[in-house]
Participant: 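Dropping a structure here in structure tokens format, bear with me for questions.
All values below come from the heavy atoms of this structure, side chains included, with hydrogens, waters and symmetry mates left out. So you know, we letter chains A, B, ... as the sequences are listed, proteins then strands, and number each from 1. Source: prediction; values computed, not measured.
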2 protein chains.
Amino acid sequence: MTPMKEDYLKIIFELGGTKKKVSNKQIALSLDIAAGSVTEMVGKLVQEGLAKHTPYAGISLTKKGIRYAETLVRKHRIWEDFLVDKLHYGLPDVHSEAEVLEHVTSERLVDSLEAFLGNPTHCPHGGAIPDKEGHYQEDSHTSLADSQDGDEVAIERFIDNHDLLMYLHDIDLQIGQDVTVMKHDPFEGPVTIEVKATGQKIPVSYKAAHNVFVK
Amino acid sequence: MTPMKEDYLKIIFELGGTKKKVSNKQIALSLDIAAGSVTEMVGKLVQEGLAKHTPYAGISLTKKGIRYAETLVRKHRIWEDFLVDKLHYGLPDVHSEAEVLEHVTSERLVDSLEAFLGNPTHCPHGGAIPDKEGHYQEDSHTSLADSQDGDEVAIERFIDNHDLLMYLHDIDLQIGQDVTVMKHDPFEGPVTIEVKATGQKIPVSYKAAHNVFVK
DNA sequence: ATTAACGTTTAGGCAACTCAAAATGTCAAA
DNA sequence: TTTGACATTTTGAGTTGCCTAAACGTTAAT
């Protein structure tokens, strides 16, 4: 197993390849790799029993592929937790470091790290960390944009994107905050929320609101 | 810069390429790579200004190459310290983990780790850790085998080899112990030492004694 | 001074992963 | 149902780093 194969596996997983079929183009765009190369690489994953591929229809993961992708997500998120908790990295900076560390992390290392960190259940962006056996609670899929005016919700999870995280940091929106949804402006305008603890009112841009998940 | 180039650089450094010329064969043997491949790779290092190569005479590092190799040693040893100190790895097990982690470690990450660990000066095997600017105290080059009967010395450094470290752990010899050298048996027999703190007498095999350094 | 032994370099190939461009498939609008 | 737009696969070729085998240098012993 090579780092690149692992990246393919993880991106298919993240694009929803556990349930539906993911298109060649989605993968090519996400990894910034030519479509032809994707077809070829997917062929290898299929040979190794990690993915299923119906030509022209799409790609999905086998049980074995899902299992493998979960171990990668586990490593990635454990490292992110370590970087924030122990090395005091900022949220926007952890992703790129974890991205390379995850590929050189043995089972023993990730297990040791997990114990050292006190068995965290969620990464700093709010994503669930699969345990050693691959068990984890499903992440929320209700975005702030989906919520209704008047809803009282908790900020649960951010999409792990550098620019988004910089923006959220600027406007002081954090995981775990309990907020009240005040109003949705029309024409793709901001969603305004009020942080319960401080009474602070925050307008969250339309696009960002689609990348913040609540429960 | 690729992981393999980094490995070449580090092995040339460790074989003494900072001062003398290192032979193609030494590198090939150390990395377990064919001699022809070594010539080729060295050519690339030369092109990048990291090494000097006089055909048929040998290979040495440029100032730039030395500087780079030091950053690798720094990363390697910082990781080793982390693994032993925070994750409670045993001495013999840290090398292989550090070997891969060092290649994916940014300057920011190694600096953060160093601070987190309290700016250690030596790795768990007793080797000096170069600081951010590349400064470090030269390691001792006096082996236990070189010492004289009656000498009172401190165990400073072990060569980082898995089997050796397993053996040293078995016979309970540790970095930092103050010991008295009792006798050198002839015919490549063991060197017997007495640990001052406990009065324990330990015979150290001839070969191991050549891989334990004291001061 | 030759030659044998051994280290080193060169040459030709292979495997992994990539790309660009050509060929093919799909689907929906005209 | 034909055509155009676009996604997908196929093809041919480039890069990196490795290998084996052959050619070449060096050195030390005869």
Side-chain angles (χ1 to χ4, degrees), chain A residues 1-17 19-62 65 68-69 72 99-100 102-104, chain B residues 1-17 20-62 65 68-69 72 96 99-100 102-104:
Chain A
M1 183 56 72
T2 70
M4 277 320 298
K5 277 187 203 164
E6 292 189 345
D7 283 343
Y8 275 88
L9 222 44
K10 213 179 57 163
I11 212 72
I12 298 169
F13 180 86
E14 280 162 6
L15 290 172
K19 297 165 185 165
K20 48 180 181 171
K21 289 189 186 306
V22 170
S23 76
N24 179 310
K25 192 180 190 185
Q26 276 182 289
I27 299 171
L29 248 39
S30 306
L31 293 178
D32 195 23
I33 277 176
S37 310
V38 171
T39 306
E40 197 169 303
M41 193 73 224
V42 165
K44 289 180 193 166
L45 294 179
V46 169
Q47 279 197 331
E48 292 172 41
L50 296 164
K52 278 177 294 231
H53 182 201
T54 316
Y56 296 101
I59 297 120
S60 60
L61 296 181
T62 62
Y68 196 107
L72 292 172
E99 197 63 27
V100 291
E102 68 182 15
H103 296 298
V104 293
Chain B
M1 182 58 71
T2 70
M4 277 320 297
K5 279 187 200 163
E6 293 189 344
D7 282 343
Y8 275 88
L9 222 45
K10 213 179 56 161
I11 211 71
I12 297 169
F13 180 85
E14 280 163 5
L15 290 172
K20 45 179 184 173
K21 289 188 184 310
V22 170
S23 75
N24 179 309
K25 192 178 188 185
Q26 277 181 289
I27 301 171
L29 248 39
S30 306
L31 293 177
D32 197 22
I33 277 176
S37 310
V38 171
T39 305
E40 196 168 304
M41 194 72 226
V42 165
K44 290 180 192 165
L45 294 179
V46 168
Q47 280 198 331
E48 293 173 40
L50 296 164
K52 278 177 294 232
H53 182 200
T54 316
Y56 295 103
I59 296 120
S60 60
L61 297 181
T62 61
Y68 196 108
L72 293 171
S96 57
E99 197 63 27
V100 292
E102 67 183 15
H103 297 298
V104 294

Participant: Salt bridge (charged side-chain N to carboxylate O under 4.0 Å, His left out): which pairs involve residues 21-39 of chain B, sequence neighbours left out?
Facilitator: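 Counting only pairs at least two positions apart or across chains, no salt bridge (charged side-chain N to carboxylate O under 4.0 Å, His left out) contact touches residues 21-39 of chain B.
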
Participant: Measure the spacing between CG of L72(A) and CD of E6(A) and express it to the nearest 0.5 Å.
Facilitator: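 Taking CG in L72(A) and CD in E6(A), the distance rounds to 4.5 Å.
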
Participant: Please report, rounded to the nearest Å, how far the C1' atom of dT8(D) is from the NZ atom of K21(A).
Facilitator: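 These atoms are roughly 15 Å apart.
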
Participant: Rounded to whole angstrom units, what separation is found between the NZ atom of K25(B) and the P atom of dT26(D)?
Facilitator: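 The distance from NZ of K25(B) to P of dT26(D) comes to 18 Å, rounded to the nearest Å.
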
Participant: With a 3.5 Å cut-off and sequence neighbours excluded, list the donor-acceptor pairs that the side chains of residues 51-60 of chain B form with protein atoms.
Facilitator:
none

Participant: Let me confirm one number: the CD1-CD1 distance from I11(B) to I27(B), rounded to the nearest 0.5 Å.
Facilitator: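 It comes to 9.0 Å.
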
Participant: Return all side-chain donor-acceptor pairs below 3.5 angstrom for residues 34-41 of chain B, not counting sequence neighbours, or 'none' if the list is empty.
Facilitator:
from, atom 1, to, atom 2, distance (Å)
T39(B), OG1, N24(B), ND2, 2.9
T39(B), OG1, A35(B), O, 3.4

Participant: Could you check which residues of residues 36-49 of chain B get a heavy atom under 4.0 Å from DNA chain C? Sort them by number, please.
Facilitator: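 Only G36(B), T39(B) qualify.
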
Participant: For D7(A), report the nucleic acid contact type (base, sugar-phosphate, nothing); a contact means any heavy atom under 4.0 Å.
Facilitator: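 Nothing: the residue D7(A), judged by heavy atoms under 4.0 Å, touches no strand.
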
Participant: What are the two closest heavy atoms between V100(B) and V104(A), and how far apart are they?
Facilitator: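 Looks like CG2-O, 3.8 Å.
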
Participant: Using 0.5 Å steps for rounding, measure from the CD1 atom of I12(B) to the CG atom of L50(B).
Facilitator: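 Between I12(B) CD1 and L50(B) CG, I get 9.0 Å after rounding to 0.5 Å.
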
Participant: Contact list please: residues 51-62 of chain B against DNA chain D, heavy atoms, distance less than 4.0 Å, in numerical order.
Facilitator: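 Output list: Y56(B).
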
Participant: Would you compute the distance between atom OH of Y68(B) and atom OG1 of T62(B) and round it to the nearest 0.5 angstrom?
Facilitator: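 These two atoms lie 12.5 Å from each other.
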
Participant: Atom CD1 of I33(A) and atom C1' of dA7(D): how far apart are they, to the nearest Å?
Facilitator: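 Taking CD1 of I33(A) and C1' of dA7(D), I get 18 Å after rounding.
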
Participant: I need the E48(B) CD to L9(B) CG distance, nearest 0.5 Å.
Facilitator: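 These two atoms lie 9.0 Å from each other.
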
Participant: Walking along DNA chain C from 5' to 3', note the first and the last nucleotide with an atom under 4.0 Å from a heavy atom of chain A, and give both.
Facilitator: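 On DNA chain C, the outermost contacted nucleotides are dA16(C) to dT26(C).
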
Participant: Restricting to non-hydrogen atoms, name the atom on S30(B) and the atom on L15(B) that form the minimum distance, rounded to 0.1 Å.
Facilitator: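 Here S30(B) and L15(B) meet closest at OG-CD1, 3.7 Å.
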
Participant: If I take atom CD from residue E99(B) and atom NZ from residue K10(B), how far apart are they, to the nearest 0.5 angstrom?
Facilitator: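 Reported to 0.5 Å precision, the distance equals 3.5 Å.
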
Participant: Once you round it to whole Å, what is the distance between C1' of dC19(D) and CE of M4(B)?
Facilitator: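 From M4(B) CE to dC19(D) C1': 14 Å.
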
